[in-house]
Amino acid sequence: MATVILDMPAPEISDMPKASTPTRTSTRQPAVVLKDIDRVVLTGFMGSGKSTLGPLLAESLGWRFLDLDSEIERRDDRSVARIFAESGEPHFRKLEAAALAALLGRRRVVLALGGGAPEELGNRLLLEQTPRTAVVYLAAPFAALMERCQQQPRAAERPVLADLAAAERRFKARKRLYERISTHTVETADLSVEQTAGVVLELVAGP
Ligand code: S3P
């Protein structure tokens, strides 16, 4: 599996529903045409840049960008933080699984998962069994991810970051899950978001 090094700004954090997901497909000629793949799924821990990179990739492909957290918030009409606070994480995971199943049915999309989505066996099986799907793991050391997250406004309100030691335990446990479900891994330490996008497109386009 090819591994490359890159760096990108951390995604936006908010306790409010995420900004509405861009849903327009570009009318311009795509810069890259993928023949064997119908969707690109971005996975990785919080701060890995999934939501920042996704729209860029979608633009290059002339595809639609979808954000799993935004879809959950849209369907439930509550922010992720509110769902965690009012209904608990297990309920959030059920909403997440339902939203993932729905979005994986779409073609010509770049889909950013939430950092915890691969924890659920059902989600992993669904990802593995959805044909013509590239799953890209945006990897980075825990310290770098936390630094990016802490730089974001309202970082303290992100539910999984409330307890840093617990977040690190999650990170360690999830690493092997991210690796298991991904078709490509990119180390996100030293490149710009544009470089990241270029590398991801190269990887998913194949030889
Ligand atoms: C979570 C990550 C978040 C969001 C929720 C839970 C996690 O998504 O789904 O707060 O368990 O790591 P991002 O990875 O997009 O921040």
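Each ligand, and each atom within it, is numbered from 1 in the order the structure gives. Below, all heavy atoms of this structure are taken into account, side chains as well, without hydrogens, waters or symmetry copies.
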Polar proximity ligand 1 side, [X] side, N/O cut 3.5 Å exclusive:
| X | result |
| --- | --- |
| Lys50 | yes |
| Asp69 | yes |
| Phe84 | no |

For ligand 1, indicate whether the residue [X] contacts it via side chain, backbone, both or neither (heavy-atom separation under 4.0 Å).
| X | result |
| --- | --- |
| Arg158 | side chain |
| Glu73 | neither |
| Arg93 | side chain |

If the contact criterion is a heavy-atom separation under 4.0 Å, does Glu119 count as touching ligand 1?
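Contact check Glu119 vs ligand 1: negative.
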
Nearest-0.5 Å distance that lies between atom [atom1] in [X] and atom [atom2] in [Y]:
| X | Y | atom1 | atom2 | value |
| --- | --- | --- | --- | --- |
| Arg132 | Ile37 | CZ | CD1 | 8.0 Å |
| Ile83 | Arg75 | CD1 | CZ | 11.5 Å |
| Phe142 | Cys149 | CZ | SG | 8.5 Å |

Per-atom contacts of ligand 1 with Val80, taking only distances under 4.0 Å to non-hydrogen atoms: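 Selected atoms, number and element: 5 (C), 10 (O).
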
Can a salt bridge be assigned to the pair Arg170 and Glu89 using a cut-off of 4.0 Å between side-chain N and carboxylate O?
->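 Result for this pair is yes, salt bridge flagged.
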
For the residue pair Leu203 and His184, what are the closest heavy atoms and their distance?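 The pair with the smallest heavy-atom distance is O-CE1, 3.4 Å.
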
Checklist entry - Side chains of Ser87 and Arg78: donor-acceptor distance under 3.5 Å anywhere? => result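 Ser87 vs Arg78: donor-acceptor pair found between side chains.
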
Worksheet entry | Option of least heavy-atom distance to atom 6 (C) of ligand 1 (set: Val160, Leu161, Leu42, Thr43) |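 Looking at heavy atoms only, the winner is Val160.
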
Angle between ring planes, Phe171 versus Phe45, binned at 30° and 60°: parallel, tilted or perpendicular?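 Answer is perpendicular, since the angle exceeds 60°.
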
